[in-house]
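Worth knowing before you read on, the calculation uses all heavy atoms, side chains too, and leaves out hydrogens, waters and symmetry mates. All figures in this text were calculated on a predicted structure; none of them were measured in a lab.
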Amino acid sequence: MNTEKYLQMFEALAANGEIPRELYDSLVAKIRERGKMTKNIYDYYLTELEKRRLFDVDGAPFDTERSAKTDGTYVYKRTKNPFWHISHWFWSTTFKLIGFFGGAVVFGVWHVKGRKKLKKLGACITTSNHVGYLDAVLSLRATGMQSRYIVAAPHNCKDTVGGKILCAAGEVPLPINFKGMRPFNEMLEYVAEKQSAKIHFYAEKSMWIGYKKPRPHKDGAYYYADKLNLPVVPMLYCFKEPKGLRKLLHLPKAVIKIGEPIYVNTELPTAKRKADLAQRAYAATVALYEEFYGVPLEYLDPEETNGAADN
């Protein structure tokens, strides 16, 4: 863990009022005491966010330098350019193969139960928890060789060679202002209607590394499910205790749980549809969690003490 980057993130979160100053002071004190950022301190941080119900707060630092400028000037698609189609085919196919081998080798996902639910749908929106820098390979593993796009923050789609490759492979950066909404909307309409693609949203918004519990969903995915008239398929990345070689190599053992499709309730007024979808999708995700882990979903009580960072 990069101690300096975590300190900068904590300082920015405190300055913006996203975390209390006393939590910031506690985190800095623990880092100074140990001389570096540790996993125990990170676990303490996520525990404190959970207890305070600060589910939207960033769980890890990220670099925004050279982020995609999705302010209305970003070009999402070039459908009249044959090289755009060739580039997308090549890189999306490459990343599907990476998803297969990466999901299998890095996360231990050799088989995905419930994939038939996705195959028979055509275009749809999928949602999942966001638990690591490489968990995009799990969405690739879930959809297999089907057409798939991932809605991502602009800093994941940088103006670099690597960023351009990710965009060519199917990453769609979120708009940062109202002017950016129109080309973003047109891109999602295009991939849904012309490519019958799966459009993946991290409905929890922020990434919490290794956090197992599902967090409340933001309504962005469900706004587009209603707008594009697409079903939503909730997914949950779950984790078992690794054994054998995976345990020796400190590799996780993941399982992809796929829920039943959820459809827009067209009998509701338009203003209430996305909230209804978000509620039902979150409830379905909670059910996946409880089925897999065999325990009810319960968030920590604010009054509970935590000694994770004291070990």
Side-chain angles (χ1 to χ4, degrees), residues 1-2 39 42 59-63 68 87-119 124-158 160-173 191 195 197-204 206-212 214 233-259 285 288 292:
M1 290 184 169
N2 188 309
K39 185 180 183 304
Y42 185 77
F62 51 84
D63 178 16
S87 176
H88 171 67
W89 174 85
F90 176 80
W91 287 113
S92 62
T93 302
T94 299
F95 273 76
K96 287 170 187 175
L97 295 174
I98 290 173
F100 177 83
F101 291 105
V105 176
V106 177
F107 289 98
V109 179
W110 293 93
H111 177 68
V112 180
K113 294 181 180 179
R115 183 183 285 162
K116 290 181 180 179
K117 299 173 186 176
L118 293 171
K119 283 186 176 181
C124 67
I125 284 177
T126 59
T127 63
S128 75
N129 46 341
H130 197 5
V131 294
Y133 290 103
L134 297 177
D135 62 8
V137 303
L138 293 175
S139 72
L140 286 161
R141 191 72 184 88
T143 52
M145 297 304 289
Q146 300 171 77
S147 180
R148 187 280 292 136
Y149 289 79
I150 294 180
V151 175
H155 63 260
N156 290 307
C157 304
K158 298 183 183 301
T160 61
V161 173
K164 291 181 185 300
I165 288 174
L166 288 175
C167 292
E171 294 228 349
V172 184
V191 301
Q195 298 188 13
K198 274 62 178 172
I199 305 172
H200 190 74
F201 281 80
Y202 291 108
E204 298 172 341
S206 56
M207 177 177 68
W208 288 15
I209 300 173
Y211 185 77
K212 295 179 180 179
V233 181
M235 302 192 299
L236 185 70
Y237 306 145
C238 304
F239 294 89
K240 293 181 177 181
E241 187 67 28
K243 298 179 180 179
L245 186 60
R246 300 197 68 81
K247 184 175 182 179
L248 181 65
L249 297 176
H250 301 287
L251 291 174
K253 173 59 180 174
V255 175
I256 302 173
K257 300 289 289 183
I258 302 177
T285 306
L288 293 175
F292 182 82

Quick check: closest heavy atoms across [X] and [Y], and the distance to 0.1 Å?
{"X": "S147", "Y": "Q195", "result": "OG-OE1, 3.5 Å"}
{"X": "V137", "Y": "G102", "result": "CG2-C, 4.2 Å"}
{"X": "R141", "Y": "W110", "result": "NH2-O, 2.7 Å"}
{"X": "V131", "Y": "M207", "result": "C-CG, 4.4 Å"}
{"X": "A142", "Y": "L118", "result": "O-CD1, 3.6 Å"}

With rounding to the nearest 0.5 Å, note down the distance linking [atom1] in [X] to [atom2] in [Y].
{"X": "D63", "Y": "K158", "atom1": "CG", "atom2": "NZ", "result": "4.0 Å"}
{"X": "L288", "Y": "I256", "atom1": "CG", "atom2": "CD1", "result": "12.0 Å"}
{"X": "F292", "Y": "F239", "atom1": "CZ", "atom2": "CZ", "result": "9.0 Å"}

Would you confirm whether [X], through its side chain, and [Y], through its main-chain N or O, come within 3.5 Å as a donor-acceptor pair?
{"X": "K96", "Y": "M145", "value": "yes"}
{"X": "N129", "Y": "L236", "value": "no"}
{"X": "K253", "Y": "G108", "value": "yes"}
{"X": "H88", "Y": "A168", "value": "yes"}
{"X": "K117", "Y": "V233", "value": "no"}
{"X": "Y42", "Y": "G59", "value": "yes"}

With a cut-off of 6.0 Å (strictly less than), are more than 12 heavy atoms of other residues, nucleotides or ligands near CZ of F101?
->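 Not buried by this count: 12 neighbours or fewer within 6.0 Å.
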Between F95 and L166, is a side-chain contact (heavy atoms from CB on, under 4.5 Å) present by the stated rule, with each step listed?
-> CA-CA 9 Å; F95 273 76; L166 288 175; 3.7 Å; yes
